Amino acid sequence: MRRIFCIIWLCIVSIGVINAEDGSRLWLRFQSCNTATLPNFTAINGNKGSFALQQFQEAWSLMTGNNLPERNLSAGHTLLIGTSKNREIKKVVKAKELKELGTEGYIIRTVMQGNKMVTLVASLGEGGLLYGVYHLLRLIQTGTDLLSLQISEKPSYDIRILNHWDNLNGTVERGYAGYSIWQWDKLPEVISPRYKEYARANASIGINGTVLNNVNASPDILTTSYLQKVKIIADILRPYHIKVYLSVNFSSPKIVGGLSDSDPLNPQVQKWWHEKATEIYRLIPDFGGFLVKANSEGQPGPMDYGRTHSDGANMLADALKPYGGIVMWRAFVYNPSPEDRAKQAYLEFKPLDGAFRNNVIIQVKNGPVDFQPREPFSPLFGAIQQTAIMPELQITQEYLGFSNHLVFLAPQWKEFLESDTHCKGENSTVAKSTDGTIYPHTHSAIAGVANIGLDTNWCGHHFAQANWYAFGRLAWDHTLTAEEIATEWIRMTFSNEPKFEKPVKEMMLQSWETAVDYMMPLGLHHIFAWDHHYGPEPWCNIPGARADWLPPYYHNAGTDGIGFDRTTTGSDAVSQYYSPLREQFNNLESCPEELLLWFHHVPWNHSMKNGRTLWEELCYRYDGGVQRVREFQKIWDRVEPFVDSDRFRHVQSRLRIQSRDAVWWKDACLLYFQTFSKKPIPYDIERPVHELEELQQIKLELKHHN
Ligand code: GCW
């Protein structure tokens, strides 16, 4: 009777909560009226004081209103959570099995012991146990049958890390969800409850590292007073198995340390870094290491002293080495030179392959230019072999409509990770060339530029939470499909109701290609408005600005056609790829149409595979993007009965913005490119509703936090 009462009470409470959903609980709502999907656990057992066990209890009590009684295996269904040292675990799981999965891997299994049913979560380490517990909780939340579980998992990448582009003054570069969650001015005294919630959310998806500050790094972060603040955050994150890392400014020895320079070959400079490392590790014994943007977009670096990237990275690596720290050295470099920007990172880093210490990882953006809506993979993947190399993905939507547009990025990241580099023949995917399969190194890693801020719903747009979630899940297991990830996320964040899940999933899975179509189809790139990157400005021409910061550099539209010629007779970027890719990209006929204007300058009359001319196809792509956003609006309106009103209205309103923006993109790009193609927009396509001149006047006053 009490139980029934409790369930009814919970349902009433839940309904109340449903009306007041604000997204703050992310995918960890642990709210269940649907007792049919709850497992019939009667007891819990495990390592005394285990953090993972506590985490389970917390979630369980949110779902049921009760804690599970902690007792030995007894009649009924016991949940057993323990490391390989636990006696009960030892009885059922072979030590060898756990060893093979490493300290972060885990086993979840249902076993019968006589008439007793046991569901166990086992791992070599506490980290693995935590991940196992969150896996089990995910199964419960998504309504999975738990009667015969046989799961064993280990992560695809060793280091699964977020990069915050958060400045010490609380602003976030390319952040669209409010101010930084790190409240430096209040630390170390005042500790925001968000730190813990952040840690738990990341742990639940397998993220085990975070870089707290912007790669455009303030040297202040290495001052003793900031390090004491960093220590507080590290202490909070530690139980969640998350290590703290910092972005460092290469000129720190000079600026913070008062030395005459920051030359990596200067013994005084080396000594300064060693001492700094010692100071950091005294405060934070498990400190992860440094992330460095050097000699890139005006940041200082070893080349200021005539040294190389490897000189710089190795010096830092040597300082961190005694403590087990690593250096993530970014390859995002390009200079205002006549050389095609897309080629420059490769030209600078390929010759240095093998020149780095084994605690250095080269961090490379997914594409060769800069997080564009769609890019081919960077040719450095597969080409760097003797040094570890890690992908950098952008979770924050700098180039995808900020937090106004619904764009689910898992399909983009899957396309990238599954791209075949051909570095060791067929099936040498980017994933395999970075996760240690093809080139085993001391560490494998993947980074995502965070989209997290102080907004109540963390990410600005409720659906942007899905990108944080997807990054974690793919870093853990890059073989998951975008659809699997969307299913999990929808069920936990919104609802298990099929009438909600199915259409919303379809919308999410189409959303990236849709945004590509209404922004930059067929391989177009970087035709954004100046500096803030919101909205179209393909005509943008600022006198005196660097050519490679201006759209015409990338689209090259003229009466003869459009696109960047990167073939062997153009910039020859194609030759940075392995055969047969380079030949495939080089040839207009075999180049994938999705990347056509990335690699080729193509006449307006060029015949596409579907028989349309390039101009016509461009028009249909833009229009298709607009039409699909309108479909998204309809899908969302139809699922209203299954969503709480706050989140419903919020997303509905954002979709309206997205729809208007899509039309803006289409009209701006088609009317502008039409001045070159001089051809009519096919007559079955919706007519532009703006004048080109009117669109060219738009100058958004967007705050750009630097
Ligand atoms: O895409 C560009 C962004 C910069 C960013 C830079 C980088 C942190 O516009 O804001 O700076 O990339 O990745 O270093």
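Order of appearance sets the numbers: ligands from 1, and atoms from 1 within every ligand. Keep in mind the model is a prediction, meaning the values are calculated, not measured. In what follows, every heavy atom counts, from backbone to side chain, and hydrogens, waters and symmetry copies are set aside.
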Output every pair passing side chain to side chain donor-acceptor pair (under 3.5 Å) with a member in residues 287-309, not counting sequence neighbours, ordered by first then second residue. Asn216-Lys293, Asn216-Gln299, Asp263-Arg307, Lys293-Glu297, Asn295-Asp304, Glu297-Tyr334, Thr308-Ser310, Thr308-Asp311, His309-Trp329, His309-Glu348
Under the side-chain contact (heavy atoms from CB on, under 4.5 Å) criterion, do Met303 and Phe250 qualify, and how do the steps go? CA-CA 11 Å; Met303 283 142 119; Phe250 202 78; over 6 Å; no
Return the set of residues passing ring-ring contact (aromatic ring centres under 6.0 Å, His included) with Tyr245 (not counting sequence neighbours), or none when no residue passes. none
Subset of ligand 1 atoms that lie under 4.0 Å from at least one heavy atom of Phe332: 6 (C), 7 (C), 12 (O), 13 (O), 14 (O)
Among His532, Lys293, His533, Lys365, which one puts a heavy atom closest to atom 13 (O) of ligand 1? Lys365
Does an N or O from Trp165, backbone or side chain, lie closer than 3.5 Å to an N or O of ligand 1? no
Indicate, as side chain, backbone, both or neither, the part of Val215 found under 4.0 angstrom from ligand 1 when only non-hydrogen atoms are considered. side chain
Residue-ligand contact Phe371/ligand 1, heavy atom below 4.0 Å: no
Output, in order, the C-alpha distance, side-chain angles, deciding distance and verdict of side-chain contact (heavy atoms from CB on, under 4.5 Å) for Tyr226 and Leu222. CA-CA 6 Å; Tyr226 268 100; Leu222 289 181; over 6 Å; no
If the cut-off is 4.0 Å to any non-hydrogen atom of Arg174, which atoms of ligand 1 fall inside it? 3 (C), 4 (C), 9 (O), 10 (O)
Compute the minimum heavy-atom distance from Gln394 to ligand 1 and say whether it is under 4.0 Å. no
Quick one: are Val449 and Phe371 in side-chain contact, heavy atoms under 4.5 Å? yes
Can you list the atoms of ligand 1 that are under 4.0 Å from a heavy atom of Glu173? 4 (C), 5 (C), 8 (C), 10 (O), 11 (O)
Side chain, backbone, both or neither: which part of Phe528 comes within less than 4.0 Å of ligand 1 when only heavy atoms are counted? neither
Please check if any side-chain donor atom of Asn163 sits under 3.5 Å from a side-chain acceptor atom of Gln363, or the reverse. yes
Taking the side chain as everything from C-beta on, heavy atoms only, tell me whether Lys350 gets closer than 4.5 Å to Gln576. no
Could you pull out, from Val369, Asn163, Asp370, Asn216, the option with a heavy atom nearest to atom 2 (C) of ligand 1? Asp370
